[in-house]
Amino acid sequence: MRLDVVTIFPDYLAPLDLSLIGKARREGLVDLHVHDLRDFTHDRHRTVDDTPFGGGAGMVMKPQPWAEALDHVLAQPLASGNVVDMASTRRTQEGLGYAVPRLIVPGPGGVPFSQALAHELAAEAWLAFACGRYEGLDERVYEHAAERMPVTVVSLGDYVLNGGEVAVLAMVEAIVRLVPGVVGNAESLVEESHEDGLLEYPVYTKPAVWDDRGTERPVPPILLSGNHCAIAQWRHQQRLERTAARRPDLLHPSATGGALAALDGRVATAADAPELLTLQRACWVDQGRANDTWDIPPLVETLDDVRAGLTAYTTWVWRSGGRLVASGRGRRAPDDPTTWEVARLMVAPDLQGTGLGRAIMEFVETRAPADVTTFWLNTGHRSERLIRMYKKAGYRLSAAPARHQGTVELTKKRRRTS
Ligand code: JD8
């Protein structure tokens, strides 16, 4: 990946020489260049700003230096080894085919930066960042740029900074650490906050009992138990409790409108397990009859199995008047993290046929991390009604033999919404 940053304070980007990003640059995983905007001025004072037309406080950044700086970046070679995906190759002026960067302009009025956007930008071969200062850039700079490359104004958050450099530091770190090979153990990227809608669990290291100036502080015993299933359950519970306490907005995902809007939806907790067991028993009786077998996981699982499922998947529950009436869950496929398993879609029998099932399926799809490219689900090979519904939703029967006897597997490529 190539990155170009234009700024009047190049030293502000010096931290990108350090730590993981510095190492990734030295290893050639990312090719980062910082350009001084003043190098694209031609007067003795290297002027980059002037007073605003229409009056008002502060100064505005002049268009000419920016135009020359961005044209200079555009003229840079996208070093070989940088995979040019067609997304970064823009045909301009009668079919000329050469790579152009995606330009990110930090600004308080931009689209919110997020982990999802970080994943999207990490997939680009070439990014450029324009760091503004003063009251911002002359608006015509955006017009000039948009005629040459895709431009996105992005905000780091709802507070005011003095310029774009700090935002670029944060964005570049969040993006580059997602580039394959930059973070040694990619596994650690999976369970992070904002990756799957839950905050991270608390972490501990030696000593097992810390003598904090006479105050003994032990590590939670579960973590010393060696019981990895119980540890995973405890950690998942901790993530739920922390998210509920600090970011309840993440737990109460805004329903995708439609059938779910009238219901009270949230991420499931262990307390929901008994009702989930009851609902799955009720929902899979028809599938048992349709497929002429009672040996279907939802019909044979124990309460502990349901609890374990709450750890292995992120599960959502919807209530009506306090009654658990619907649920669905999702997770990265254990053998392919870019595939998102949509599973255990349940609607109380008295509410089936109201479009809730489809709404839950679509909701679980929306919760897939940004780097997911494929949706996967399975059902009974004789569950014709469900198979029809999944096919109408764009799923196709998978050519690969189904993992579980008596089932069929269906997949669907993820369509990019933005
Ligand atoms: C770029 C100039 C300062 C902004 C007058 C203060 C991002 N989340 C964010 N907050 N602020 C910025 C940001 C601020 C910037 C520039 C980004 C360039 N300023 C201006 C408008 C009001 N001064 C940001 N990302």
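In each ligand, atom 1 is the first atom listed, and ligand 1 is the first ligand listed. FYI, side chains are in, hydrogens and waters are out, and symmetry mates aren't considered; it's all heavy atoms of this structure. Along the sequence shown, residues are numbered consecutively beginning with 1.
For the salt bridge (Lys or Arg N to Asp or Glu O under 4.0 Å) with D17, the qualifying choice from R25, K23, R26 is R25, the only one to do so. A side chain to side chain contact (heavy atoms under 4.5 Å, CB included) with V306 is found for exactly one of L276, T278, D272, namely L276.
What sits closest to atom 22 (C) of ligand 1 on the protein, heavy atoms only, is E135 OE1, 4.1 Å. The protein heavy-atom contact nearest to atom 9 (C) of ligand 1 is Y159 O, 3.4 Å. Protein heavy atom at the shortest distance from atom 1 (C) of ligand 1 is P106 O, 3.3 Å. Nearest protein heavy-atom neighbour of atom 23 (N) of ligand 1: Y134 O, 3.5 Å. Shortest contact from atom 12 (C) of ligand 1 to any protein heavy atom: P108 CD, 3.6 Å. Protein heavy atom in closest approach to atom 11 (N) of ligand 1: L161 N, 2.9 Å.
Of the heavy atoms in D158, none comes closer than 4.0 Å to ligand 1. At a heavy-atom distance under 4.0 Å, no atom of F113 approaches ligand 1.
In the model, D304 has no side-chain atom that pairs as donor or acceptor with a side-chain atom of T302 under 3.5 Å. In the model, T374 has a side-chain atom that pairs as donor or acceptor with a side-chain atom of K413 under 3.5 Å. Under 3.5 Å, the side chains of W376 and E409 contain a donor-acceptor pair of N or O atoms. In this structure, a donor-acceptor pair under 3.5 Å is absent between the side chains of Q64 and H42.
Remark: ligand 1 atoms within the under-4.0 Å shell around heavy atoms of V160 are 6 (C), 10 (N), 11 (N).
Judged by the shortest distance from any of its heavy atoms, S155 lies inside the 4.0 Å radius around the atoms of ligand 1. Under the 4.0 angstrom criterion for non-hydrogen atoms, V154 is in contact with ligand 1.
Side-chain contact between L169 and L16 is present, with at least one heavy-atom pair separated by less than 4.5 Å.
F363 and W318 have their aromatic ring centers within a separation under 6.0 angstrom.
For atom 7 (C) of ligand 1, the candidate residues are G132, G157, G107; the nearest heavy-atom contact is made by G107.
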